[in-house]
Every structure is written in structure tokens, then in C-alpha cells.
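First the proteins, then the strands, lettered A, B, ... as listed; each starts at 1.
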Amino acid sequence: MLMFRELEFKMAKSSTSDAQALFRSLRSAYAATPTNLKIIDLYVVYAITTAVIQVVYMGIVGSFPFNSFLAGVLSCLGTAVLAVCLRIQVNKENKEFKDLPPERAFADFVLCNLVLHLVVMNFLG
Amino acid sequence: MPQPLNLNRIHRWGLQSPPASHRLLPCLIQPSMADPSEAKGEGSLRKAFGGVLGVFILLLIGTLAFSIRLFSVIKYESVIHEFDPYFNYRVTQFLTKNGIYDFWNWFDDRTWYYLENMSTYCKNSDLDIVFELMLLVILDRYPLGRVIGGTVYPGLTLTAGSIWWLLNNLNIPLSVETVCVFTAPIFSANAAWATYLLTKAPSHQFEVKGTGAGLTAAALLAMVPSYISRSVAGSYDNEAVAIFALIFTFYLYIKTLNTGSLFYATLNALSYFYMVCSWGGYTFIINLIPMHVLLCIVTGRYSSRLYIAYAPLVVLGTLLASLVPVVGFNAVMTSEHFASFLVKCQEVFIILHVVAFVYYIKGILSPKMFKVAMTLVVTIGIAVCSAVLAILIALVASSPTKGWSGRSLSLLDPTYASKYIPIIASVSEHQPPTWPSYFMDINVLAFLVPAGIVACFLPLSDASSFVILYIATSVYFSGVMVRLMLVLAPAACIMSGIALSEAFDAFTRSIKFQLPKLFEASPSDAGDTNRGTQDEPTKVDNNTPTEKTEATVKERPSEKHRKKEKKKLEKGKEIKEKGKENADKVSNKPLNAKKLLVLPLEASAVAILLLIILGAFYVVHCVWAAAEAYSAPSIVLTSHSHDGLHVFDDFREAYAWLKHNTDVDDKVASWWDYGYQTTAMANRTVIVDNNTWNNTHIATVGTAMSSPEKPAWDIFNSLDVKYVLVVFGGLVGYSSDDINKFLWMVRIGGGVFPHIREPDYLRDGQYRIDAHATPTMLNCLMYKLSYYRFVETDGKGFDRVRGTEIGKKHFRLTHFEEVFTTHHWMVRIYKLKSPKNRIRGKSKKKTNPKTTSKINSNKNVKKNPWQ
């Protein structure tokens, strides 16, 4: 019985150590990404947090007027998605987009955001 | 031979690379075994020539698409057809006269005149309009009407309106009617061009599917009868622009998928917005694209381009779809979109994000760590997913129809509509199609589609897997409803275009490589086993007649003879060639001249000839279908008899009479088919029209038509109807008249008012109007209004449509009086007789006394008028 407990303890320890090793390797790998990508990631996190805050607010206050809620949440989600697309296109390790100049990617990103926010503004009501 | 690949890559972000001209002009190009520098100079000239030729062919295809739809304008006149287009025409008239702001806020009071509970009406309207109407309801009667801005798909009317506005500003004064009539042919030309783009869309890793395939598909779509049927000149309906929007959206999606450019993703979302504005069929797009994304993920074809193609489309598309008032929050809420949003679209959205994240993590971690991460995530993930799924199931199960609307339910279960919703079942367009209708509508393409599907698998790319999915789903849906054959048409054309192009390619390649051999001096190449033919040139020369039958007869014995002689040799050759072919296709290298499968020369020539004849049959059929079957405006009818052409213009005659001989405020009751035409041409208020959104209302009219005269008069009087209009085809043999539609009136009426029973009108289960008809049938209003004084035409009252003499020949109308019958007795208009002032007791004619409560009918109280 003691040995069984020891085994359990060892397994738990190994899984936590695995998890720790996982986190460490994740962190080290992430630290290696260039700064501009990190900025984009930060922007994505910010947009998603704003969306979550809006959903929580709707949960508290109620969903009237629904179009405003939709407009707000979808605009946050939209910019997050577009920023992820930008990150994909700008990432130097991505072989498919080797020929794409980053300025072009950014111009596309701006255009898409323009359209998105135009629609959002129309829908805010 | 290998084209400069760098050129392709640089051009990918900008314009298309120049079309591969060697597929267009196989005969002119020698096999490029020569030195490459020379070939490049010549190649660019040929490319340019090919490009110009391609553009010219496209222009011709556009002209073809436009002109094949003009038969009805030539045969009859430039008039708007059928029923639904009249409503769209009226809306466009309003738009051009009053401008766009009034158009959005227009409340059409010429339709659906009845007083009823506002709750059934105000599903889509704004709150302030509702309050206004409720106030008026309390004060006095007010038409039920229809909020145009909120219930119509504005795409078509806005398109036609802007074309009209643009032309007028350029000082080309076309009338609104002309613009409306010709909108459909113009947009079908655009649709053909969009098909060209879609079929040509370069796949990411492999060669271009071919400009040839694109041109073939465009030519096929320009002529396919199923598309013609909904887009002739004069058929001013939503599908005219919607099919163009559909194909264009698909093209932009494929383009984004291939290039991974965010610019095209934006354009894709905007094109999807145009599609949502135009037609209710946009749900097809928003269901098909997530399905394709899921397919790509499941088959391991995930790439970052997939993310860029799909994710912005979901967000932008949902926002844009919610902008259109008709769709509104349905884009997020109901289950038609449930399949799209919560189950399909958003779920696929989430899945896509998960997959993208997984790939990202995989990229930055080492394999061992990745495995650990996976196990950790999987255990947590399963728990969360099951919880979410349980909540979702509870939500969906709590709603009555499990969240699906009637129309989509009938799509999944084809027998649903006929069981539960008689109105949907009664529309002829909603019936499942028969096998001959497939042949009628897509003709030869039905055989070419499977070949195209096979061609799409070799090689399989994202774009070709999308087209395969498109055709599979559209074939299923077209099997449910005839109307959806229209969605099948572009898919069939694309597949057939690919198949035909590949076939032509194989045959012309065979001929191309054997042509030099043919003209060589010495035929002594017995040892040459790479080519397929072993014939002497003289034999081939003898076998080039112009007659197809002669050729086949002559060449078959020669082939057989040849085959018998060299069977073993050919077997060895075949195996070698097949092996090379497989190796070639598996390795996916640019096709080298030596490794191509080469067929015998005569077989290729005959096959090309046969394919051309096949195309000829297709063209002949399409032109016949366009001219005879689909160009009838159905408001003007013609018939050929021994003394020439008869034109029946009775409908317009009747509407013109109504317009000139009745008061502006008079209400007209008829079956809902004629509602739009009456409001558009006669400019009178109708009780029910083709919009059919209020089933109870239609059932009321149906009940009135099925009841005896007195109760029918009571119903119509409570609706404040002045005139009743029936369509009767017995004199001339017009079979779409109201007597033939009568059983549907009984069914729909009986669905809401149970005292109307269908067996009462049938004798032994048969529907008859002759002497053996049931008394209920002989006494009902529809019978009386159709056959009043009919016996005066020929003395016997022989009904040409039903083929019998009528049962009750001599009778009088007690509560209605006939005010107008058209020239061929096709439309008959009756006026309600005003009630008598005094109760006379028993009189000669009347049997029921008047009840005074009818005159003072309390308008705000709804009661059952016939009890």
C-alpha cells in the first residue's frame, strides 16, 4: 500500500514536473518571437479582453438594444481576427507568405479594419 | 516546356498570370523540344495572342448570354412576366420616384387589407410603426399592409434603381420598365464571366485548371436552360442578380483561399453582403463555406490561408448580414443559421481557431513537449466540450420546432411540407423534380458532371474540393425542390467545363504529337513503341472523310484489325504508358511531352468530332428551351390554330377595366396568385397576394370561395370587399385557372376552418364538376362565379379544360352581380350586391333574411361571420 501511494505520488509529481517543463519550454519558445509579433499578440489579447468585458456587461445589464451589443462584440472579435491574420502574414517563419511585403499586409489590414468599422458604426444604432 | 514559375509567384498578389495559351491553340504550337530561348520569344507572342483571343471569346459569351434570353421580347413585347416580378417592379417604381430614404420607410397599404391582431403582423417592423398602427386600429380600421423596407430583399430593386439612375444621369432616358425587363439578361452575362473566373481560379500548388475550362464553363452557363428559366428578359425576380452574386462570392472565396490575401477576404465579405441583400438563398453560402472549411481541416489540408479565408468572412459576414433589415437578428438567432451560426458557422469558427492554435504551438514546441501538452489539453477539453454540448442541446430542444423554420425543415425532410404546410406544398415550384426535368434543365451536363468530379480529384486541391462539395450539396437540394435546380446549374457547368476541357486537352495532345509522325516521309517506324499508332500514312489519309458514320465504320475494322495483330505488343505498351501516367500524376511534375498518355490518332479525331456534336446538341436544346419553354410571359398567352396565331391578353384587359371602372379605394378579392399583378397593374388594394405570409388570411379567402353564396358574401362583406375576381379557362382551354386550383383553396381553408372538408367536394375521391359532382361543389361560390352564364356560349356548357359538360347549367346569382367578363371569358369580375334595406320575409328569390348586424358590423370585434 505504501508502494502504491509512492507510485501515485511519483506519477503526480511527474505530471506536475511535466507541466512545469511544458510551461518553461512554452515560455522560452515564445520569448524567441520577434518584437513586432509580440505587439500584435498584445493587441489581440486586448481586443478579446474588451469583448469578454462586453459580454459580462450584457449578462449583467440585459441585451437591449441587441444590435449595439452585437456591433460592439463583433467589432472587438473582428479586429482580433484581422490582427491574427496580419500576424500570420507578417511572420517570417511562414513559408507561404515569403513574397508578401509586410507593408502590403499592413495595408490590407488597415483596409479590412476600415470596412469593419464602417459597418459597425452603421449598425450601432 | 516548364513555364517560368517566378512569373506565377510574382503575379499572384496582383493580376492574374497571363492565360496559358498553349491550351487554346494546340494545333499551332509545335512540341517545345526546341531551345528555350527561341521558344520564349515566340511563347510571349502566343501568350499575348491567346490573351486577346480569350477576352474576345468572353465578350462573345456575354453577348450570347444576353441575346438568348431575349426571345420573349421578340415574340411578345417588352413586358414583365408572371406574378412575383410585378411586385418587384412596383417597388422599383416607388424607389425611382421617391428616392431611397422613403423607400426604406415605405409602408405599403395596398396589400393585405384586413383588420387583425397586430401581433401576428409585427415580427419585423419597428416599434414606433407598431404603436402608430395600434393607435389607428383602436380608432378605426386600417389596412394590414406591409412594411416594405423590412420585408423585402432590397438587392434587386436597388440594383435596377441604380442602373436606371446612372443611365438617366448620362442622359439616356430609359423607362423603369425597360431597365427592369433587361436587368436579368445583363446579370446573366455577368454570371457567365464570374463562372469563367471561378473555374479558372489558379490552384495553389498545381498548374492552372485552364483558361479553356473557364471559357467552356462560361459558355455552358450562358446557355443552361435552368438558369434561363429564371432570368429571361422580363423575369424580374431575385434570382436574376442572386446567381451572379453567388458565383462571384464563391470565386472570391476560392481566390482568397489560394492567395491568402486579406484584400480578397474583404471583397469576399462585401460580395456576400450583396448576396444577402438579394436572395434568401444566401444561407446556402453560409452553410457551404463552413462545411468546406471543416472538410479541409478533417482531411488535413489546414493552412494559414484557410484561416484568412474563413475567419474575417464570419465576423464581417455576420455583421453585414445583420445590416439587411429582412435578415436582421436572424443572422445570429434562428436555427436556419443555427446550422450556420451556432452549430456550423460559429462552431467551425471555434474549431478553426483551436486548430490554428494547435498548429502554432506545434511550431514553437519540441515534439516531446507537444505530446505532453496534447494530453493535458485533451483531458480538459473533453470535459468542457461535453458541458457546452449539453447546454446547447437543452437550448435547442426547448424551442418548439427545434429552432428550424418550415422552409428549411422541408429541405431536410422532403415530405414535411406536404404533411404540415399546405401553402408551401401547393406551390408548384416547391415540388420535387422528376427525372426528365433534370434532362430538360441541364441536358448534356448531367452526363459530364461525373467526369468533371473525377477530373477534380486529379489533382485534388482546396479549390477543387470546394467545387466537389458544392455540386454534391446542390444535387441533394435540387432533388428536394425544383426551384433549387437553379443552384445546381452553375456547379454543373463548372464540372462539365472542366471535364470537356480535360477531354479536349487529352485528344488534341494525342493528335498534336502524332501529327509530325503522320507527315514524315518514311513510315518505317515499326520499332517506335512510344507512340500509339502504327499505321501507314496512306491508310490514315484514306480514313479522313467528312461523314462521321463513314469514319466510324471505316476506322473500326481497321482498329480491330490492328488490335488483333498487335495485341500483345499493345498490352505491353499500355502497361508501360499507364505506369508512366500514374507516375506522372503522382509526382505532379510539369507534364513532360514524352510521358503523356497518347491515344490513337483516329480515335482522338473521332472523339473530338463526337464532343463537338455533343456540344451542338446542347446548344440546339438550350435555344429550343429558351424559345419555347421558358419565354412565356404568362400574362399574355398565345396559341397556334389553323387560322394563325391567337393572342389572349385577357389579364391585362381585366386589370385595365378595374383601373378605369372602379373607385380608388375599392378592394378586390381573388386568389393569392393574382395579388401582385392586381396591385401593380390595376392599382387596387387586394386582400391576399403572393407574399403568402399570413396563412389565416389566405384560408379566409379560400373558405369564402368554397362556401355557398350567402356565407361567402358575409365573409367578403366583413372584409370590406367590393369586387371578386376569378380566372376561368373553360372556354379557351387555359388549364391554370381557379377551378383547377380549387382543391388547394379547399385544403388551405380547411386547414384553418374545419367546417370545410375536402371529401365534401369529391365524388368517390374524384374531383369533378359535371352532373355527378357533389352538391357542395355545385353550390360553392367558385363554381357559380366560374360558370355563371357559361351555358350561353355554346348551348351545352362544355368545359374545354375538364373535358365535360358542367353539372349545373342554369342558375342565378343572388348576392353577386357580374360586372365584367373578358373577351375570352378568362377573367371574370363580380361585384358584391349591397344588402337589402328591409326584411321582406319570404320572397320569390331570396330564402334567407338579412341580418342587420352585418351592416353595423363592429369592426373591432372579430367574429365568425357565417354562423
Side-chain angles (χ1 to χ4, degrees), chain A residues 14-15 17-33 63 66-67 69-71 73-82 84-89 91 93-101 104-120 122-123, chain B residues 6 9-14 204-205 256 259-267 269-270 273 303-305 307-323 328-329 331-333 346 349 352-353 356-357 359-361 363-366 368-377:
Chain A
S14 67
S15 62
S17 69
D18 271 346
Q20 279 180 357
L22 177 69
F23 278 131
R24 248 179 278 129
S25 65
L26 265 178
R27 199 181 304 169
S28 61
Y30 190 66
T33 57
S63 73
F66 193 56
N67 54 335
F69 164 67
L70 264 188
V73 169
L74 282 178
S75 80
C76 293
L77 278 181
T79 50
V81 162
L82 291 175
V84 173
C85 292
L86 176 67
R87 186 189 200 277
I88 290 174
Q89 288 183 333
N91 197 357
E93 292 165 19
N94 215 332
K95 285 175 220 49
E96 285 168 359
F97 294 98
K98 249 192 310 181
D99 304 323
L100 183 64
R104 165 79 196 257
F106 188 68
D108 281 344
F109 171 72
V110 167
L111 173 73
C112 227
N113 264 320
L114 260 175
V115 172
L116 173 72
H117 286 104
L118 188 69
V119 177
V120 163
N122 203 4
F123 196 48
Chain B
N6 300 325
R9 284 229 304 262
I10 292 174
H11 276 265
R12 208 170 51 187
W13 303 109
H204 181 61
Q205 288 133 352
T256 319
T259 57
S261 151
L262 207 53
F263 172 65
Y264 281 109
T266 322
L267 285 183
L270 289 174
F273 174 54
S303 67
S304 43
R305 289 169 291 116
Y307 182 85
I308 296 181
Y310 184 62
L313 175 68
V314 167
V315 179
L316 263 179
T318 317
L319 261 180
L320 287 168
S322 322
L323 269 186
F329 297 140
V332 187
M333 302 286 268
Q346 197 184 25
F349 188 59
L352 185 69
H353 275 87
F357 192 60
Y359 270 84
Y360 169 68
I361 295 286
I364 64 175
L365 279 184
S366 69
K368 188 179 70 128
M369 285 289 105
F370 182 64
K371 222 180 288 182
V372 169
M374 285 297 3
T375 47
L376 199 66
V377 164

Are the side chains of B/L320 and B/L323 in touch, meaning some heavy atoms are under 4.5 Å apart?
yes

Can you tell me which portion of A/N67 sits under 4.5 Å from chain B's heavy atoms? Options are side chain, backbone, both or neither.
both

For residues B/Y264 and B/I308, determine if any side-chain heavy atom of one lies less than 4.5 Å from a side-chain heavy atom of the other.
no

Need one label for B/L267: side chain, backbone, both or neither, based on atoms under 4.5 Å from any heavy atom in chain A.
neither

Measure across A/L116 and A/T79 and return the closest heavy-atom pair with its distance rounded to 0.1 Å.
CD2-N, 3.7 Å

Can you say whether A/R87 sits under 4.5 Å from chain B via the side chain, the backbone, both, or neither, judging by heavy atoms?
side chain

Near-ring test B/F349/B/H353, centroid separation under 6.0 angstrom:
yes

Could you look at B/F273 and say if it's the side chain, the backbone, both or neither that has a heavy atom under 4.5 Å from chain A?
neither

